[in-house]
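Predicted model, so just to flag it, every value in this text is computed and none were measured.
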Amino acid sequence: MIEVLTIDDEPLALQQLEAYIRKIPFFHLVASCLSAKEAWEVMEQHTVDVMFCDINMPDINGLDFVRSLDTPPFVVFTTAYSEYAIEGYQANALDYLLKPFSLEEFQRVASKVKKVYDITHKATDTQQQEASETTNAESATTRLDENDDFFVHTEYKMVRIPVSDIVYVEGMSEYLKIHTRNGQKPVVILQSMKTLEDRLPKTFMRIHRSFLINLQCITELNKTRVFLGDDISLPLGDMFRDKLITYVNDRAIGKK
C-alpha cells in the first residue's frame with residue numbers, strides 16, 4: 001500500500017480528497033491535515049510515501065513546506081491557482097492538480113504515483129539485496145570503537161574519518177552528510193542512515209529521522225531541540241525523544 005497524506009486548509013477540499021483516495025485500491029490514507037504544522041507532526045510519527053498538498057495556505061504555503069523537508073515524499077500539489085504550476089514543478093513535484101478536479105483526473109495522477117513508486121521501490125529493494133549479500137559475504141559486522149576511524153567513498157576518492165571527530169550525521173534521501181569538528185567541510189556519502197547507525201558506537205543516537213548525533217557533543221536540549229555547541233541546533237523528533245531523555249536523566253546530578 002502507498003501511504004498518503006493530504007494537506008489543505010479547506011475542510012471540504014480534504015473531504016473530497018478522502019473520498020477519491022478511498023476509491024484507489026493501492027492508496028492508504030495516513031492522515032488529513034488542515035495545516036503544514038499538523039502535517040509535520042504526522043510525518044514525525046508515520047511513514048508517508050506521497051503527499052497531496054494545497055499551495056495557498058495561511059500559516060506556511062505548500063511550496064515552502066515541501067522545500068523545508070529534508071527528505072520529502074512524492075508530492076502532488078493541489079491548488080485553484082494555475083500560476084503556481086511552474087513553481088510546483090521547480091519544487092520537484094511529481095504532478096499538479098488544478099481545483100476543482102474530477103475523479104478521473106485524480107485517478108490519472110494516482111496511476112502516475114504508483115508507477116513512479118513501484119520503479120523507485122524496485123530499485124531500492126535491489127540495492128538493499130545487494131548490500132545484504134555484500135554484508136553476508138564479509139565478516140560479521142561489528143561496531144566501531146570511539147577511538148576507531150573508517151574510510152568512505154566520496155567525490156571519487158577514499159576519505160578517512162575518525163569516529164571521535166563526528167558531531168552529527170544528516171540524512172538527505174539516499175545520501176548522508178557527515179559533519180565533523182573544527183568547521184571542516186561535511187563529507188557526503190551514498191549510504192543509508194541505518195547502516196551507519198549500526199556501525200557507529202553506542203555514543204551515537206538518532207534524535208530525528210534525519211539526524212544521528214554524537215551524544216558527547218550535546219551541550220543543551222529542550223523538548224524540541226538539541227544543541228551541539230554554540231551554533232548547531234537540531235530538531236528532536238517525538239518518536240526519539242524518550243530514549244534521549246532517558247540517556248540524559250541517567251547522567252543527571254541533582255534535582256530539577
Where [X] and [Y] come nearest, the two heavy atoms and their spacing:
X: N61; Y: D64; result: OD1-N, 2.8 Å
X: Y20; Y: L103; result: OH-N, 3.3 Å
X: D149; Y: R160; result: OD2-NH1, 2.9 Å
X: D9; Y: P58; result: OD2-CD, 3.4 Å
X: P72; Y: L69; result: CD-O, 3.5 Å
X: I7; Y: A36; result: CG2-N, 4.2 Å

Quiz: residues 239-248 side-chain donor-acceptor pairs under 3.5 angstrom, not counting sequence neighbours:
| from | atom 1 | to | atom 2 | distance (Å) |
| --- | --- | --- | --- | --- |
| R241 | NE | K223 | O | 2.6 |
| R241 | NH1 | D238 | OD1 | 2.9 |
| R241 | NH2 | K223 | O | 2.7 |
| R241 | NH2 | D238 | OD1 | 2.8 |
| T246 | OG1 | D242 | O | 2.9 |

To the nearest 0.5 angstrom, please state how far the [atom1] atom of [X] sits from the [atom2] atom of [Y].
X: L5; Y: I21; atom1: CG; atom2: CD1; value: 9.0 Å
X: F74; Y: Y117; atom1: CZ; atom2: OH; value: 8.5 Å
X: K99; Y: Q16; atom1: NZ; atom2: CD; value: 8.5 Å
X: E3; Y: L29; atom1: CD; atom2: CG; value: 9.5 Å

Exercise. Assess whether side-chain contact (heavy atoms from CB on, under 4.5 Å) is satisfied between V226 and L228, documenting all intermediate values.
Key: CA-CA 7 Å; V226 178; L228 310 177; 4.0 Å; yes

State, without any angle test, whether [X] and [Y] hold a side-chain donor-acceptor pair at a distance under 3.5 Å.
X: E44; Y: H208; result: yes
X: H179; Y: E170; result: yes
X: R209; Y: T71; result: yes
X: T203; Y: Q216; result: no

Exercise. Verify side-chain contact (heavy atoms from CB on, under 4.5 Å) between F204 and L215, making sure each step is shown before the conclusion.
Key: CA-CA 6 Å; F204 287 79; L215 294 168; over 6 Å; no

Kindly say whether [Y] contributes a backbone atom to a donor-acceptor pair with the side chain of [X] at under 3.5 angstrom?
X: T195; Y: Q191; result: no
X: D165; Y: T180; result: no
X: D54; Y: D8; result: no
X: K112; Y: L94; result: yes
X: R143; Y: R199; result: no
X: R181; Y: S164; result: yes
X: T219; Y: F227; result: yes

Quiz item: Can you check salt bridge (charged side-chain N to carboxylate O under 4.0 Å, His left out) on E104 and R108, steps first, answer last?
Solution: CA-CA 6 Å; E104 182 179 359; R108 174 190 60 78; over 6 Å; no

Exercise. Could you tell me how the ring of F211 sits relative to the ring of Y168: parallel (under 30°), tilted (30 to 60°) or perpendicular (over 60°)?
Key: tilted

Practice problem: List for me each residue that meets side chain to side chain contact (heavy atoms under 4.5 Å, CB included) alongside E38, sequence neighbours excluded, and say none if there are none. | Solution: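 Side chain to side chain contact (heavy atoms under 4.5 Å, CB included) list for E38, sorted by chain: C33, L34, S35.
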
Quiz item: Apart from Y175 itself, what residues make up its hydrophobic cluster when side-chain heavy atoms of I, L, V, M, F, W and Y under 4.5 Å apart count as a link, directly or indirectly?
Solution: M172, V188, L190

Quiz prompt | Positive for side-chain contact (heavy atoms from CB on, under 4.5 Å) with I189, one of I161, V169, L176, V159 | solution =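 Between I189 and the candidates, side-chain contact (heavy atoms from CB on, under 4.5 Å) is satisfied uniquely by L176.
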
